[in-house]
Amino acid sequence: MAGPIVTLTTDYGTADYYVGAMKGAVLEVCPDAEIIDITHDLPTYDILEAAFTLALASSPYPYRTIHVVVVDPAVGTDRRALLVSGDQHYYIAPDNGVLSFIYPKQEKLAVYHITSTHYFRQPVSKTFHGRDVFAPVAGWLAKGVEAAKFGDLIEDYVKLNVPKAQATGEKSWKALVLKIDRFGNVITNLAAEDCPALFAEPTPPFKLTLGGKEITKLVPAYSLGGQGEIFAVLGSSGYLEVAANRNPAAKLLGVNRGVEVLLQLG
Amino acid sequence: MAGPIVTLTTDYGTADYYVGAMKGAVLEVCPDAEIIDITHDLPTYDILEAAFTLALASSPYPYRTIHVVVVDPAVGTDRRALLVSGDQHYYIAPDNGVLSFIYPKQEKLAVYHITSTHYFRQPVSKTFHGRDVFAPVAGWLAKGVEAAKFGDLIEDYVKLNVPKAQATGEKSWKALVLKIDRFGNVITNLAAEDCPALFAEPTPPFKLTLGGKEITKLVPAYSLGGQGEIFAVLGSSGYLEVAANRNPAAKLLGVNRGVEVLLQLG
Amino acid sequence: MAGPIVTLTTDYGTADYYVGAMKGAVLEVCPDAEIIDITHDLPTYDILEAAFTLALASSPYPYRTIHVVVVDPAVGTDRRALLVSGDQHYYIAPDNGVLSFIYPKQEKLAVYHITSTHYFRQPVSKTFHGRDVFAPVAGWLAKGVEAAKFGDLIEDYVKLNVPKAQATGEKSWKALVLKIDRFGNVITNLAAEDCPALFAEPTPPFKLTLGGKEITKLVPAYSLGGQGEIFAVLGSSGYLEVAANRNPAAKLLGVNRGVEVLLQLG
């Protein structure tokens with residue numbers, strides 16, 4: 001008899017009272033919820049990074065998991081609060097695009113604008129909707145309140161303009177660095193399906209250019225690269241990565257998020 | 001059928017074995033406890049910050065939640081271990097003032113000096129009561145052992161001299177910076193009830209001085225401040241904050257905890 | 001009716017999607033598992049530190065706890081994945097020595113090489129077995145699948161050459177610094193049982209040399225050392241530590257992991 005699962009994804013950090021209060025506000029309503037930390041260490045105010053992280057972290061959870069996402073620079077303004085019902089999961093978040101990677105993956109999608117203030121924690125602070133709006137709504141949803149009770153369906157929710165890799169010729173693509181992870185792996189926005197030929201076996205000749213360096217080797221796993229070598233690898237995110245064996249490729253290359261990545265096949 | 005909730009608030013950090021061992025020592029006694037991390041990233045040995053964080057993070061939790069707080073520079077000496085039964089929650093902590101914000105809020109308060117060593121994990125390390133004293137006591141309490149079984153009631157528990165904002169004239173107050181949060185927001189110790197006039201609508205003319213700068217604007221929410229502007233805001237803690245829109249006000253002002261804050265109305 | 005407990009110990013950090021995805025992949029299989037974070041902040045690729053942390057953090061957990069450990073620089077190569085059944089707990093980890101402190105403590109030990117790929121999450125990424133191999137195996141084990149179903153028993157699992165303190169004379173030992181903790185305490189690899197005489201009462205005369213300094217005082221607890229003093233203490237790990245009262249001894253001494261420690265009694 002598992003309790004309902006409520007995951008949290010925020011930019012609150014872990015040193016302040018915010019995360020603890022938010023968990024309390026879920027449990028206050030639904031004491032048998034299982035609270036799962038996805039991350040609280042997102043870069044502050046960084047909606048794109050939050051959207052990317054949520055999409056990849058949230059997908060394996062079981063049916064009816066409730067994902068609460070709070071990266072919310074406009075808290076206290078008239079930006080809307082959303083409750084989204086997807087194929088498998090619920091998502092509760094500010095309407096600022098943080099669910100942009102989630103929307104296109106759903107066959108059945110219902111987006112509710114949360115307006116039923118009687119589900120909020122009172123008084124509602126204008127600076128901490130994580131505790132006073134998003135957490136208690138998650139609690140009530142976990143307790144079994146139907147999604148439609150929280151507000152009206154809307155269609156005009158905010159979608160980020162997510163940067164996508166683009167074909168610039170028959171055998172060339174322009175992409176960018178989407179994220180650097182803890183290991184210094186450089187995650188690009190070139191998805192496996194953008195260029196299936198690159199991932200064929202045997203690997204075709206190719207040239208990847210970023211940070212003024214050229215990479216011409218692709219390996220199946222990080223530790224199959226040579227000592228000191230920088231190489232390409234298909235990451236667990238489904239995107240092309242640039243990595244080094246037990247070394248931070250991002251530092252070796254001197255690249256950061258946003259840097260241009262060019263791919264040339266053949 | 002929710003398991004009992006046990007929250008943890010420590011200065012142990014998250015990179016060592018301490019937090020993992022402490023959780024294990026709760027679950028060893030009470031395997032169906034739900035363990036909730038409030039924070040483990042408190043500044044080391046910082047009892048005041050721990051007290052403040054605990055007070056704000058712990059308040060929303062459901063009835064009978066057990067809060068374990070271990071910031072314990074005097075571990076292994078004759079400082080006492082406490083089990084506190086309040087109106088809604090239990091608190092287990094060293095007797096060093098870390099519960100100072102909790103005591104005055106309770107109508108019914110019972111403070112027990114934990115002396116029943118048969119509830120401890122044996123052998124008790126003199127350097128890790130988090131694992132060997134506080135965690136197993138939380139486990140036994142979660143399992144249903146009555147609070148009075150752990151030791152005798154005491155009255156002379158330690159209370160911190162919590163710094164409070166003071167009126168220095170009919171329309172002037174002297175406060176200080178209580179905390180800087182992850183976003184660089186400057187949380188002062190001027191509570192809304194210390195100066196209700198400041199928070200009236202419309203906002204009266206006022207001058208707030210800290211770090212050599214003057215602030216004369218109050219906004220309801222962070223992102224209602226202008227670009228580059230530093231302003232006052234009523235924080236979710238109930239205290240006056242000084243903040244900037246998506247920028248770290250503490251850095252912009254060059255202020256740290258303990259810095260003096262002067263408020264002049266009119 | 002406690003759910004099965006699954007602990008996680010990784011070097012994934014907490015800012016990326018890895019930890020969230022891994023938790024989801026456990027819960028996807030076994031939604032009533034209680035997920036416990038031991039740590040995700042291990043130094044990257046550091047198998048020895050992971051082994052040490054796991055051993056100390058995991059020991060208090062209740063019977064049948066499942067510990068998942070992923071510090072896995074060779075992910076995606078032919079290094080084996082292991083499921084270990086010990087006296088009290090299960091361990092799921094890559095076969096790289098990360099369980100080296102666990103093996104010798106078990107009276108009954110069964111080490112299975114995980115090969116039953118139908119328990120994996122498909123498709124298996126070659127760079128993220130935490131999500132696609134270790135987590136789902138933990139989920140299925142938590143759900144009640146017998147350990148022997150996951151693969152064959154092996155005997156030739158990898159054991160680290162764990163550095164041990166050595167007697168260099170009748171009253172002298174050579175040890176080294178095993179770890180620096182968050183408080184700057186210097187944890188050596190000299191176990192209490194290596195030199196019981198040092199921990200007798202009263203403390204015998206002794207000289208401990210490290211980082212060019214000599215330490216001649218042993219206290220029972222950190223805060224029983226004087227202001228500014230550096231002293232020895234028996235740590236909660238069972239190893240000799242060098243510490244300072246509310247100060248980082250490692251910094252004061254200028255020592256790091258691996259530094260030599262010499263002990264002379266009398």
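When reading the values below, keep in mind they use all heavy atoms of this one structure, side chains included, and skip hydrogens, waters and symmetry mates. Predicted model only: the values in this text are computed from it and were never measured. Chain letters run A, B, ... following the sequence lines, proteins first and then strands; every chain starts at 1.
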For [X], is it the side chain, the backbone, both, or neither that has a heavy atom closer than 4.5 Å to a heavy atom of chain B?
X	answer
I187(C)	side chain
D11(C)	neither
L54(C)	neither

key: Ring centre gap for Y91(B) and Y103(B) strictly below 6.0 Å   =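 They do not qualify: ring centres at least 6.0 Å apart.
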ask   = Does CG belonging to N161(B) count more than 12 external heavy atoms closer than 6.0 Å?
value = no
Contact leader toward chain B among L56(C), D37(C), I36(C), where contacts are heavy-atom pairs under 4.5 Å = L56(C)
note = chain B shares the most heavy-atom pairs under 4.5 Å, among A221(C), S223(C), S236(C), G235(C), with S236(C)
request  = With chain C as the partner chain, list the residues of residues 57-86 of chain B whose heavy atoms fall under 4.5 Å from it, by residue number, and write 'none' if nothing qualifies.
outcome  = P73(B), A74(B), V75(B), G76(B), T77(B)
With only heavy atoms counted, which part of [X] is less than 4.5 Å from chain C, the side chain, the backbone, both or neither?
X	result
Y18(B)	side chain
A33(B)	backbone
D132(B)	neither

query = For the side chain to side chain contact (heavy atoms under 4.5 Å, CB included) test, which of L190(C), T188(C), V255(C) pairs with V261(C)?
reply = T188(C)
message = So, using side chain to side chain contact (heavy atoms under 4.5 Å, CB included) as the criterion, who are the partners of V162(B) when residues are at least two apart?
response =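 With sequence neighbours excluded, V162(B) shows a side chain to side chain contact (heavy atoms under 4.5 Å, CB included) to S100(B), F101(B), L160(B), given in chain and number order.
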